[in-house]
Amino acid sequence: MSAAASGGRRVTRQLSARRAPGAAPAPAPAPARHGRARKPVAVAYEAEAAARGPAWEPRAWRQQLAHIRAMRRARDAPVDRLGVEQCFDRGAPPEVRRYQVLLSLMLSSQTKDEVTSAAMLRLREHGLTVDNVLQTDDAALGKLIYPVGFWRNKVKYIKQTTAILKEQYGSDIPRTVKELVQLPGVGPKMAHLAMNIAWNDVSGIGVDTHVHRIANRLKWVKKETKTPEATRVALEDWLPRDLWSEINWLLVGFGQQTCLPVGPRCADCLNQALCPAAKRC
């Protein structure tokens, strides 16, 4: 076959393949595939949320919280008059105020607010600054803070922590939880409260024995927790962040006045019908 004939047939086939007037357009050719087709990729946080499922929250917690706020409206619990926020010298320089906040938190561990407040008053009269504390011998410091719980250990911790603050932080306190909990005698509860009170930074919930007890009584934890630190983690998992600063103050005062460790006053509590642990006569 001649080249001309072959070329003519190719032209004929091409012409016959053209669309006739009014005919439907031919489908577009499929794009060439290179390997397997891609599957939709889930964004990491979407995948994690899907795996977790619906967020857990305690039954009727908003109503319980509203009742606790109502019972705390008078602000007349010991924590309101004598708590850490009332123990530092508001007229002192900022770094001194922050140091006093930290020391009051260290003293408050396993100690009633009345005792902590009295010890802080004696320390302030003595001169509660980094330099003054470092110049005070252990025996004199012990007399100033006695009878706070574990006062002998606290003398040691205060001296060690104060020396670190002088050497490493320019006589101020650290401004991160990670650094605060590395100081002798400072635990997570103190660190989060120090961040809130001293630095006005809500880094977490301050959980003491009152908050720990009440959160478990109200079933504000998905599973019963054995330690305040476990309770903090459980609460932060569901409690809206804008409530983290308030919850310590609310529950501590509620625990001091109504939801007592022994012999809770359930008959006087607005949550009696909503509390799983309430004593109902």
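Predicted model, so just to flag it, every value in this text is computed and none were measured.
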| Atom CD of E85 with >12 non-hydrogen neighbours under 6.0 angstrom | no
Output the distance between atom [atom1] ([X]) and atom [atom2] ([Y]), rounded to the nearest 0.5 Å.
X: E236; Y: S203; atom1: CD; atom2: OG; result: 8.0 Å
X: T162; Y: L103; atom1: OG1; atom2: CG; result: 5.5 Å
X: K189; Y: R232; atom1: NZ; atom2: CZ; result: 13.5 Å

Flag the pair [X] / [Y] as yes when at least one side-chain heavy-atom distance between them is below 4.5 Å, and no otherwise.
X: I173; Y: V101; result: no
X: Q64; Y: W220; result: yes
X: L141; Y: H126; result: no
X: F88; Y: Y99; result: no

| task | Considering only NZ, NE, NH1 and NH2 on the basic side and carboxylate oxygens on the acidic side, decide whether D138 and R152 come within less than 4.0 Å. | result | no
| field | NZ/NE/NH1/NH2 to OD/OE distance under 4.0 Å, R81 and D113 | value | no
| Do any pairs count as a ring pair (Phe, Tyr, Trp, His ring centres under 6.0 Å) and have a residue in residues 128-148, sequence neighbours left out, and if so which ones? | Y146-W151
| field | Test item: side-chain donor near acceptor, T225 and T231, under 3.5 Å | value | yes
| query | Do D268 and Q257 get their side chains close enough for a donor-acceptor pair, meaning under 3.5 Å? | reply | no
